[in-house]
There are 2 protein chains.
Amino acid sequence: MDRSVKNCYPCHMARPRQFDEERVLHAVRDQFWNAGYAATSLQDLMRVSGLGKGSLYAAFGDKHQLFLRALRSYLDDSLGYLREKLDSAPRALDALRAFVMAPVSDPGGAAARRGCLMANSTCELATADPEVLAEAGRTYEGTTALVAECVVRAQKEGDVPADADPIETARALLAAQQGLVFMGRTGLDFDKLTATARSLAAQLLPGAG
Amino acid sequence: MDRSVKNCYPCHMARPRQFDEERVLHAVRDQFWNAGYAATSLQDLMRVSGLGKGSLYAAFGDKHQLFLRALRSYLDDSLGYLREKLDSAPRALDALRAFVMAPVSDPGGAAARRGCLMANSTCELATADPEVLAEAGRTYEGTTALVAECVVRAQKEGDVPADADPIETARALLAAQQGLVFMGRTGLDFDKLTATARSLAAQLLPGAG
DNA sequence: CGATTGATGGACCGTTCGGTCAAGAACTGC
DNA sequence: GCAGTTCTTGACCGAACGGTCCATCAATCG
């Protein structure tokens, strides 16, 4: 089943893949990100990946499975990046602040207008696609857990009141962050969005920037 | 052009409409709300409206125009409802708290999981559909203005510090609310969502509930 | 009643959709 | 070089898509 491991052919080597699976997933992910799931056609996917229909179907299954693969790849990257950011910050409070401000961390604001693939997909598909809904639930639970860990660290460092519930605090921070992601997607002016992000971070987290 | 005005026929009356335009817009809006724009076919629209293709096209133009009509009808209703809620509250602070908590005001949580038509549409279409993006911008600017007015009133009533910027406060409240709407759409447990809403309201607004 | 008008519903259009399949290409082991 | 295996390509499929058109219907006014 898993053809990503190269040296597992029965006895005769066959024709090797001429494409890099990760590269294709990346291109496909961008396409879904820009146009959404339903508005992306197989022709779009062929164009951005450079693959023929047959290759796409042989490698990934149908459109929906390919979408889920691309989505999961995106989530793995995002969660890994978040974990690294949260863990590597010298002071947990700074990491929490950066977490809330993440939607405005891109200088130009282009990323803010593009939003988040998982968020966009959830809004488009959550009602009708249980697998996407499940992925969303898992993702935001995972994110909450990571942030909550960071809250605990901030408490140990004396920056967050010890009586605050870490999970509850994390959920509030996550909700605020996702609200900012969404406001960015509505086209809200980047400077105003940044000001709002600062305001939210200041109100939800102790200490002055 | 405008056939909604009944008494403007040249000289002979013709066959009158056999459907209620508002009723159709309502049904169509629900369909788009449940399935999204791209995933809704003309057959779906015919089914939920009970109209034939010809009637739909004659009355509303193509699918995209019909969608915009339904979306605007939704927005008019929503903004009207919000204005009324904000104005009718005896105390502005209570209205602001209710505004933030709106995503969990539905007892069962079904509304929370359905999300907001404008928010869903923005996430699905904002990148590719300038008209939807413009509608989103207008909507959230309008909402910000309404909430800011209410903040001013709360300041006059002594419930919100006088030195707070009403617009900035309104944007933060709106972002928090939309974050909650989104978290509801991810399927987050309704009780947890409610707790998060309470937590956000408590941190962003003065006074104890 | 008959002329006129807009509403109606479904047949019909070309296009594009997601998905399948078979034939050929590329590669290794014998 | 041949056999065996997988990958690649593009033709092909039926279905569904959005959209147009027209014969028919219902209502009014002269």
Side-chain angles (χ1 to χ4, degrees), chain A residues 1-25 27-28 31-32 35-70 124-125 128-129 131, chain B residues 1-25 27-28 31-32 35-70 124-125 128-129 131:
Chain A
M1 276 299 163
D2 187 2
R3 287 284 175 276
S4 60
V5 180
K6 296 286 167 57
N7 302 333
C8 68
Y9 298 113
C11 62
H12 293 284
M13 278 294 267
R15 181 174 180 176
R17 285 248 169 99
Q18 290 182 331
F19 63 91
D20 176 15
E21 196 160 290
E22 292 245 347
R23 204 178 191 75
V24 166
L25 282 179
V28 161
Q31 171 61 36
F32 281 127
Y37 175 73
T40 292
S41 70
L42 278 184
Q43 278 211 17
D44 293 327
L45 297 172
M46 291 165 59
R47 182 173 40 80
V48 300
S49 68
L51 293 181
K53 263 186 200 183
S55 299
L56 276 178
Y57 271 77
F60 302 102
D62 63 11
K63 181 187 174 186
H64 189 249
Q65 288 179 58
L66 174 54
F67 172 71
L68 287 177
R69 281 287 301 272
E124 181 188 350
L125 303 169
D129 190 330
E131 295 183 275
Chain B
M1 276 299 163
D2 186 2
R3 286 286 174 275
S4 60
V5 180
K6 295 286 166 57
N7 303 334
C8 68
Y9 299 113
C11 63
H12 292 284
M13 279 291 269
R15 181 176 180 176
R17 285 245 169 99
Q18 289 183 331
F19 64 91
D20 177 15
E21 196 161 290
E22 293 244 346
R23 202 176 192 76
V24 167
L25 283 179
V28 161
Q31 171 61 36
F32 281 126
Y37 175 73
T40 291
S41 71
L42 278 183
Q43 278 210 18
D44 293 327
L45 296 173
M46 290 165 60
R47 182 173 40 81
V48 299
S49 69
L51 292 181
K53 263 185 201 182
S55 299
L56 275 178
Y57 272 77
F60 302 102
D62 62 11
K63 180 187 175 186
H64 189 248
Q65 287 178 58
L66 174 54
F67 172 71
L68 288 177
R69 280 288 301 273
E124 181 187 350
L125 302 169
D129 190 330
E131 294 183 275

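Just so we're clear, the structure is a prediction, and the values are computed from it rather than from any experiment. All chains are named by letter (A, B, ...) in the order of the sequence lines, taking the proteins before the strands, and each is independently numbered beginning at 1. Side chains are part of it too, since the values below use all heavy atoms of this structure and drop only hydrogens, waters and symmetry mates.
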| said: Do Lys63(A) and Tyr37(A) form a cation-pi contact, if we require the NZ or CZ to be under 6.0 Å from the six-membered ring centre and within 45 degrees of the ring's axis? | reply: yes

| task | List in chain and number order the residues that pass side chain to side chain contact (heavy atoms under 4.5 Å, CB included) with Ala59(A), two or more places apart in sequence or in another chain; answer none if no residue qualifies. | result | Arg17(A), Phe19(A)

| request: Calculate the interatomic distance between Phe19(B) atom CZ and dG6(C) atom P; express it in whole Å. | output: 15 Å

| Reported CG-to-OH distance for the pair Leu42(A) and Tyr57(A), which is rounded to 0.5 angstrom | 4.0 Å

| request: Whole angstrom is fine here: how far is it from CZ in Arg47(B) over to P in dA16(D)? | output: 14 Å

| If you check every side-chain atom of Gln43(B), which of dC17(D), dT8(C), dG19(C) has the closest atom? | dC17(D)

| query | Does Gln43(B) CD have over 12 foreign heavy atoms under 6.0 Å away? | reply | no

| said: Tell me the interatomic distance from Leu42(B), atom CG, to dG14(C), atom P, rounded to whole angstroms. | reply: 19 Å

| said: Using a 4.0 Å cut-off on heavy atoms, which residues in residues 63-70 of chain B reach DNA chain D? List them by number, or say none. | reply: Lys63(B)

| task | Take the protein atom CG of Asp20(B) and the nucleotide atom C1' of dA7(C), then report the distance between them rounded to whole Å. | result | 15 Å

| said: To the closest 0.5 Å, what do you measure between NZ (Lys53(A)) and CG (Leu45(A))? | reply: 10.5 Å

| task | Could you list the residues that satisfy side chain to side chain contact (heavy atoms under 4.5 Å, CB included) with Glu131(B), not counting sequence neighbours? | result | His64(B), Leu68(B), Asp129(B)

| field | Interface with DNA chain C, restricted to residues 49-59 of chain A and to heavy atoms under 4.0 Å | value | Lys53(A), Gly54(A), Tyr57(A)

| Who are the side chain to side chain contact (heavy atoms under 4.5 Å, CB included) partners of Arg47(A), not counting sequence neighbours? | Gln31(A), Asp44(A)

| message | Expressed as a whole number of angstroms, how long is the span from Asp62(B):CG to dC17(D):P? | response | 16 Å

| query | Of all residues at least two apart in sequence or in a different chain, which pass the side chain to side chain contact (heavy atoms under 4.5 Å, CB included) check with Ser55(B)? | reply | Leu51(B)

